[in-house]
Student: 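Below is one structure. I have some questions about it.
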Amino acid sequence: MKILVVGSGGREHALAWKIAQSERIQMVYVAPGNGGTAQDGRLVNLPLTDPAALAEFARREHIALTVVGPETPLAAGIVNLFRDLGLKIFGPTKEAAQLESSKDFAKAFMERHGIPTARYASFSDSAAAHAYIDRHGAPIVVKADGLAAGKGVVVAMQAEEAHAAIDMMLSDNRLGDAGARVVIEQFLEGEEASFIVMVDGRNILPLATSQDHKRLGDHDQGPNTGGMGAYSPAPIVTPALHARVMREIIIPTVQGMAKDGIPFTGFLYAGLMIDRAGNAKTLEFNCRMGDPETQPIMARLKTDLLGVMEHAVAGTLDTVELEWDRRTALGVVMAAAGYPEAPRKGDLITGIPAETHECVTFHAGTVLADGKLMTAGGRVLCVVGLGDSVKMAQKQAYDALDQIHFDGAQFRQDIGWRAIKRPGA
Ligand code: AMP
Ligand code: GLY
């Protein structure tokens, strides 16, 4: 069986790596892939990104199933296109992907269906937005409505920052169309967790829990990034909280989408804020898996992912039970010099240790050129360690990371600190 994975990041490397473990796999194509997928003998890179070209390839090569990693092709309608051509693909349609591609859509949806989230208002007029901030004061959060590659959210601790964000998005148009409308919302306090499920339109299959680290520096200091590390499971998501999140957020979301006539298929990721009392609110929806959450989650998945994907596109996820490695998996991202503002490319990468039962390294911004592995993007690698405790997984990851070198590498020393700090960890 031939499978196509769309994307080039660590998330896609991890998905392709896992799918390729299935005995029924003949070939896993990754489009466009990266240096790591190029080096893996079971994977083949495909230099295509255009949805129409991918669909043509899938038709010609009799691809049994396509899995989409990133949000951009989903929001552009790659799933609609494949389905129109009778090709099997796992992901949300363009309409369903609005849960991520429009914050205004997501907030209105949550309000309509009683899903817990921060109070908000939505503006395209800057004077009205400034007045709202004057009325509510800081801390307050300003979000560009559209996809802005992680640059669209300003958590303003001072009112001036919120006003500046409005000027940047609505007046100076610095985020283009993505910032032509903004959502201003109540600041929420607490601890974040990533809650990711697979949805076939009706049935919901939760994946293992996870938590990521968004800030660039140790102790959660410095600028926001796509994520500098993640681990699974996330001990903050107790079985009781898991049940509540399913009941209060995930099930109403999947049922609400179906009721609104836009059934959701694909990975659904709810970014949660959990307060001290253990109440969870939805910060955002993503219509895809998280990166880097996917890397530790895939490292723990024991079930054949190809089989799960087949059930997902057939609408029979209710028959699937997932089996997980009981160990903790913890992934540390190594990023390029200059990340996140202006990542440097072209540094030589050496020393990546071979995969073992305790450690696997997934590539993101890497390229294989003339047999040499070079940096080619912001987040370069995600080194995943597995161990019987968070601490042991962390040690495995950092022991492996210590062997890897490229000039200017940036990584956090404290991935997993929240889980380690918890009583009983
Ligand atoms: P989002 O893309 O909406 O998840 O926002 C990115 C990050 O901004 C989140 O992971 C949070 O760290 C932070 N954030 C978003 N919304 C809020 C909020 N209402 N209150 C506090 N922090 C927030
Ligand atoms: N790690 C956060 C995200 O994928 O959006």
Side-chain angles (χ1 to χ4, degrees), residues 7 9-12 14-15 68-72 74-75 97 99-107 110 116-122 136 138-157 161-162 165 169 175 178-179 182-196 207 209-216 220-232 234 267-275 279-298 331-333 335 340 362 364 378-379 382 412 415 418:
R11 167 182 49 211
E12 290 78 26
L15 288 169
V68 188
E71 64 277 17
T72 311
L74 293 167
L99 275 183
E100 174 168 5
S101 67
S102 168
K103 302 260 187 211
D104 186 40
F105 175 92
K107 296 297 284 192
M110 285 189 270
T117 187
R119 278 195 313 276
Y120 86 108
S122 165
H136 289 265
I140 196 160
V141 182
V142 179
K143 299 184 176 183
D145 175 51
L147 295 177
K151 296 188 177 70
V153 176
V154 175
V155 179
M157 299 316 286
E161 290 170 72
M169 294 177 197
L175 299 178
V182 301
V183 160
I184 305 181
E185 67 178 36
Q186 171 199 15
F187 172 78
L188 297 177
E189 265 174 302
E191 190 170 330
E192 288 180 56
S194 311
F195 201 101
I196 307 174
L207 300 184
T209 59
S210 60
Q211 228 172 350
D212 81 344
H213 297 254
K214 290 230 164 62
R215 301 298 193 100
L216 181 69
D220 293 332
Q221 300 297 308
N224 251 321
T225 70
M228 292 300 289
Y231 49 93
S232 170
F267 293 106
L268 178 65
Y269 167 143
L272 305 178
M273 185 69 93
I274 301 157
D275 70 14
N279 301 304
K281 285 192 172 146
T282 313
L283 284 180
E284 63 162 344
F285 285 118
N286 295 318
C287 62
R288 51 171 175 83
M289 284 210 68
D291 189 339
E293 290 93 328
T294 306
Q295 292 86 314
I297 290 175
M298 285 302 127
V332 183
V333 168
F362 295 112
R379 291 185 291 175
C382 180
R412 285 179 58 158
I415 299 301
R418 284 182 194 279

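Please read all numbers here as calculations on a predicted model, not as lab measurements. Each ligand, and each atom within it, is numbered from 1 in the order the structure gives. The chain is numbered in sequence order, starting from 1.
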Student: Got Y231 and H213 here, is their nearest side-chain heavy-atom distance under 4.5 Å?
Tutor: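 Yes, at least one pair of side-chain atoms sits under 4.5 Å.
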Student: Below 3.5 angstrom, do we get any N/O pair linking R11 and ligand 2?
Tutor: no
Student: Identify, for atom 17 (C) of ligand 1, the protein heavy atom at the shortest distance, and state residue, atom and that distance.
Tutor: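 Checking every protein heavy atom, the shortest distance to atom 17 (C) of ligand 1 gives L283 CD2, 3.5 Å.
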Student: How does E293 reach ligand 2, if at all, at less than 4.0 Å between non-hydrogen atoms: by side chain, backbone, both, or neither?
Tutor: side chain
Student: Which ligand 1 atoms, with their elements, are less than 4.0 angstrom from a heavy-atom of F187?
Tutor: 20 (N), 21 (C)
Student: Ignoring hydrogens, what is the shortest heavy-atom contact between L147 and A178? Give both atom names and the distance.
Tutor: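 Taking every non-hydrogen atom into account, O-CB, 3.3 Å.
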Student: Checking side-chain hydrogen bond (donor to acceptor under 3.5 Å, both in side chains) between D220 and each of R418, R215, K214, which is the one that passes?
Tutor: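 Output: one option passes, namely R418.
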Student: Over all heavy atoms of both residues, which pair between V333 and G227 is shortest? Give the atoms and the distance, please.
Tutor: CG2-O, 3.6 Å
Student: Considering E192, M273, K214, which one's heavy-atom position lies nearest to atom 12 (O) of ligand 1?
Tutor: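 Residue with the shortest heavy-atom distance to the ligand atom: E192.
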Student: N/O of M289 under 3.5 Å from N/O of ligand 2, yes or no?
Tutor: no
Student: Any Lys/Arg nitrogen of K107 or D145 sitting under 4.0 Å from an Asp/Glu carboxylate oxygen of the other?
Tutor: no
Student: May I ask you to test the K103-S122 pair for a side-chain heavy-atom distance under 4.5 Å?
Tutor: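 SC-SC contact between K103 and S122 ruled out.
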Student: Using distance alone, decide if ligand 2 has a nitrogen or oxygen within less than 3.5 Å of any nitrogen or oxygen in R288.
Tutor: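 Yes, since at least one N or O of R288 sits under 3.5 Å from an N or O of ligand 2.
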Student: Check each atom of ligand 2 against the heavy atoms of D212 and keep those under 4.0 Å away; list them by number with element.
Tutor: 1 (N), 2 (C)
Student: Would you kindly specify which portion of V153 sits under 4.0 Å from ligand 1, judged on non-hydrogen atoms: side chain, backbone, both or neither?
Tutor: side chain
Student: List ligand 2 atoms under 4.0 Å from G226, heavy atoms only on the residue side.
Tutor: 1 (N), 2 (C)
Student: Please give me the minimum heavy-atom distance between M298 and L15, naming the atom from each residue.
Tutor: CE-CD2, 4.0 Å
Student: Does Q211 approach ligand 2 within less than 4.0 angstrom via side chain, backbone, both or neither, non-hydrogen atoms only?
Tutor: neither
Student: I'd like to check whether L188 has a polar contact with ligand 1, where a contact means an N/O of the residue lying under 3.5 Å from an N/O of the ligand.
Tutor: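 Among all N and O atoms of L188, at least one is under 3.5 Å from an N or O of ligand 1.
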Student: For ligand 2, which atoms sit closer than 4.0 Å to a heavy atom of N286?
Tutor: 5 (O)
Student: Among K143, E284, K103, which one puts a heavy atom closest to atom 16 (N) of ligand 1?
Tutor: K143
Student: Which heavy atom of P292 sits nearest to which heavy atom of R379, and what is that distance?
Tutor: CD-NH1, 3.6 Å
Student: Tell me the closest heavy-atom pair linking R412 and L216, and the distance in Å.
Tutor: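 That would be CG-O, 3.1 Å.
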Student: I need the atoms of ligand 1 closer than 4.0 Å to a non-hydrogen atom of V141, numbered in the order shown.
Tutor: 16 (N), 17 (C), 18 (C), 19 (N), 20 (N)
Student: Can you check whether T117's main-chain N or O pairs, donor with acceptor, with T282's side chain at less than 3.5 Å?
Tutor: no
Student: Using a 4.0 Å cut-off to any heavy atom of E185, which atoms of ligand 1 qualify?
Tutor: 16 (N), 17 (C), 18 (C), 19 (N)
Student: Just to be sure I read this right, does ligand 1 sit under 4.0 Å from the backbone of V155, its side chain, both, or neither, counting only heavy atoms?
Tutor: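 Looking at V155 and ligand 1, just side chain atoms fall under 4.0 Å.
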Student: List the atom of R288, the atom of E71, and the distance in Å for their closest heavy-atom pair.
Tutor: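 In terms of heavy atoms, the two residues are closest at NE-OE1, 3.0 Å.
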Student: Show which atoms of ligand 2 fall inside a sub-4.0 Å distance from at least one heavy-atom site of G290.
Tutor: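 Here the atoms of ligand 2 in question are 4 (O).
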